[in-house]
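Positions are given from 1 along the sequence. Quick caveat, the model's predicted, so the values are computed rather than measured.
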Amino acid sequence: MKVKHAVRMMGNVTILVGSGQQRIYPYAGGGIAYNADGSSRVDPMITGGIDIGVARNLVLDLNLNMLFQPGGTDTEFTASINYAF
């Protein structure tokens, strides 16, 4: 089991496209990831994705993370539906 914690060193970039309830928010960032699996190693990572407003209070989030390790690249894709207050 891997546990990854990321600290973003750059601010996110947000661009608003569309109007009304059809909103698209792309984002990107970079930073470092601490491996809590016993190796205590810190590796660089980048992240990016898009938030899509699908209803008044529902947002579809598509996210891609890439962690650059000495033995290769670890890539993770997540998709989630979030409730916005």
To the nearest 0.5 Å, what is the distance between [atom1] ([X]) and [atom2] ([Y])?
X: Y27; Y: T47; atom1: OH; atom2: OG1; answer: 5.5 Å
X: N65; Y: T75; atom1: CG; atom2: OG1; answer: 9.0 Å
X: D51; Y: R23; atom1: CG; atom2: CZ; answer: 13.0 Å

Hydrophobic clustering (ILVMFWY, side-chain heavy atoms < 4.5 Å, transitive) - are [Y] and [X] grouped together?
X: L58; Y: I50; value: yes
X: V54; Y: L62; value: yes
X: L64; Y: I52; value: yes
X: I24; Y: I81; value: yes

Go through the structure and list residues passing ring-ring contact (aromatic ring centres under 6.0 Å, His included) with Y83, not counting sequence neighbours.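 Scan of Y83 (ring-ring contact (aromatic ring centres under 6.0 Å, His included), adjacent residues dropped) gives F85.
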With M45, which of L67, T73, D74 fulfils side-chain contact (heavy atoms from CB on, under 4.5 Å)? L67
Qualifying residues under salt bridge (charged side-chain N to carboxylate O under 4.0 Å, His left out), relative to D43, sequence neighbours excluded: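 If we apply the salt bridge (charged side-chain N to carboxylate O under 4.0 Å, His left out) test to D43, skipping adjacent residues, the hits are R41.
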Please check if the side chain of N57 supplies one atom and the backbone of A84 the other of a donor-acceptor pair under 3.5 Å.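 Side chain of N57 to backbone of A84: a pair is present.
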